[in-house]
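For this chain, numbers begin at 1 and follow the sequence in order.
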Amino acid sequence: MDDLRQLLRGIEVFAGDLPGFDPGATPDTPGELFADWLLGALDAGVREPHAMTLSTAGADGNPQARTLILKAVTAEGWQFASDGGSVKAGDLAARPYAALTFYWSALARQVRVRGPVTAASAEASAADFRARGEDARAEALLGRQSQPLADLAERDAAVREARARLAADPDAVAPGWTLHTVRPESVEFWQGDKARRHTRLTYRRTADGWHKQLLWP
Ligand SMILES: Cc1cc2nc3c(=O)[nH]c(=O)nc-3n(C[C@H](O)[C@H](O)[C@H](O)COP(=O)(O)O)c2cc1C
């Protein structure tokens, strides 16, 4: 464990050439800046820049976090989709509020989104489901997300069954598949700096629109 401690201490952070960030030259809305940073991450070769941590709290108030794929950023907010029987779905039913965190290490950039969560209509959720690739639809048809699995052979048999079902009915939709939208109350953009002069800019929603504020690092 001491070796691991030494190893962790020795890992370089905020290495390489990092982009600049001028908070004075930012757009009026966080969605625009987010799109700009996402495209920058793609250009920099960040793999899966649309992967994010979704944090929720259950009825007991205890947090849980997991990685999800961002589906879209619309005028309403940041969207993700998941199984209606999952832990996160249960959490969101009890406390419809979430935080999303993106980290693009090649750029030393972090984005944090917080806000209330709403579930999309059955039609919009079904459209999201049908836009998934074949493997992803078969996997989602399995249902029972996060429930105990006896062995991997049981999973493989269920995947074969789901693929056969999709072949017979390409429009099949997993019951409970739900598209969710986080309507941001705040979005924070964090630009890391090798010399630790990090820059933080937060957008807060107000009655008059978005208010921008610098934060101490
Ligand atoms: C890169 C990556 C992307 C993922 N994308 C999704 C996703 O879009 N939707 C989803 O339900 N789970 C996704 N998962 C799986 C979740 O992290 C998680 O294991 C699953 O949703 C069960 O979470 P829960 O038990 O907290 O509900 C992804 C995992 C990884 C590593």
Side-chain angles (χ1 to χ4, degrees), residues 8 11 13 30-31 34-35 37-38 41-42 46-74 76-120 122 124-152 154-156 158-159 162 173-190 192:
L8 291 171
I11 297 174
V13 282
F34 180 82
W37 277 29
L38 184 73
L42 267 176
V46 174
R47 281 189 54 180
E48 294 155 8
H50 57 339
M52 60 193 183
T53 302
L54 164 72
S55 303
T56 56
D60 57 6
N62 294 334
Q64 293 226 47
R66 73 293 277 163
T67 311
L68 256 73
I69 291 293
L70 174 70
K71 291 303 185 78
V73 180
T74 69
E76 279 71 47
W78 274 244
Q79 295 188 321
F80 61 89
S82 193
D83 186 89
S86 66
V87 173
K88 69 185 92 53
D91 281 1
L92 290 169
R95 288 170 71 105
Y97 199 97
L100 306 172
T101 313
F102 297 83
Y103 177 51
W104 300 309
S105 64
L107 301 170
R109 283 181 166 174
Q110 174 182 244
V111 181
R112 299 164 67 188
V113 180
R114 293 181 79 225
V117 180
T118 51
S125 296
D128 174 83
F129 184 86
R130 292 200 183 96
R132 288 165 69 85
E134 201 174 320
D135 286 344
R137 273 181 293 147
E139 187 249 12
L141 274 176
L142 302 179
R144 293 172 282 177
Q145 191 178 52
S146 301
Q147 290 180 24
L149 169 71
D151 61 53
L152 296 181
E154 193 183 334
R155 175 203 62 189
D156 293 344
V159 169
V173 172
W177 184 257
T178 309
L179 183 66
H180 286 97
T181 303
V182 180
R183 183 174 187 270
E185 286 178 342
S186 69
V187 184
E188 183 199 311
F189 295 85
W190 188 97

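- Figure legend: R109 and W37 shown as a cation-pi pair, the cationic atom lying under 6.0 angstrom from the six-membered ring centre and within 45 degrees of its axis.
- Annotation for T53 and A65: closest pair CG2-CB, 3.7 Å, computed over non-hydrogen atoms.
- Between F34 and W78, the ring-plane angle classifies as perpendicular under the 30° and 60° cut-offs.
- We find the CD-OG distance between Q110 and S105 to be 12.0 Å, quoted to the nearest 0.5 Å.
- Checking side-chain atoms of S125 against main-chain N and O of L179 turns up a donor-acceptor pair under 3.5 Å.
- Residues T118 and H180 have side chains not in contact (no heavy-atom distance under 4.5 Å, counting atoms from C-beta outward).
- Using a cut-off of 4.0 Å between Lys/Arg side-chain N and Asp/Glu carboxylate O, E139 and R132 are scored as salt-bridged.
- Here E48 contributes atom CD and T67 contributes atom OG1; the two are 9.5 Å apart, rounded to the nearest 0.5 Å.
- Using a 4.5 Å heavy-atom threshold, the side chains of L54 and R66 count as touching.
- Residues Q79 and L70 form no side-chain contact, since every pair of their non-hydrogen atoms from C-beta on lies 4.5 Å or further apart.
- Within the model, atoms CZ of F129 and CZ of R137 stand 7.0 Å from one another, a figure rounded to the nearest 0.5 Å.
- The distance from atom CG of D60 to atom CZ of R95, rounded to the nearest 0.5 Å, is 8.5 Å.
- Checking side-chain atoms of W104 against main-chain N and O of P49 turns up a donor-acceptor pair under 3.5 Å.
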Please step through side-chain contact (heavy atoms from CB on, under 4.5 Å) for the pair L100 and R112, ending with a clear verdict.
CA-CA 6 Å; L100 306 172; R112 299 164 67 188; over 6 Å; no
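- When all heavy atoms are compared, the tightest approach of D91 to G58 is OD1-CA, 3.2 Å.
- No side-chain N or O of D83 forms a donor-acceptor pair with one of W177 less than 3.5 Å apart.
- Between V111 and V187, some side-chain heavy-atom pair lies under the 4.5 Å cut-off.
- The 12-atom threshold is not exceeded at CZ of R144, counting heavy atoms of other residues, nucleotides or ligands nearer than 6.0 Å.
- Closest of all the heavy-atom pairs between P184 and G77 is CD-CA, 3.9 Å.
- Residues L107 and A41 share a closest heavy-atom pair of CD1-CA, 3.5 Å.
- The closest side-chain heavy-atom distance from R114 to Y97 is below 4.5 Å.
- When all heavy atoms are compared, the tightest approach of A98 to V182 is O-CG1, 4.3 Å.
- Here the shortest heavy-atom pairing between T178 and G176 reads OG1-O, 2.7 Å.
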TODO: List the steps and the verdict of side-chain contact (heavy atoms from CB on, under 4.5 Å) for L142 and V159.
DONE: CA-CA 7 Å; L142 302 179; V159 169; 3.9 Å; yes
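- When only modelled atom types and interatomic distance are considered, K88 and S82 share a side-chain donor-acceptor pair under 3.5 Å.
- The backbone N or O of E76 lies less than 3.5 Å from a partner atom in the side chain of T74, making a donor-acceptor pair.
- Side chain of S86 to backbone of G84: no donor-acceptor contact under 3.5 angstrom is found.
- At a threshold of 4.5 Å between non-hydrogen side-chain atoms, the residues M52 and L68 count as touching.
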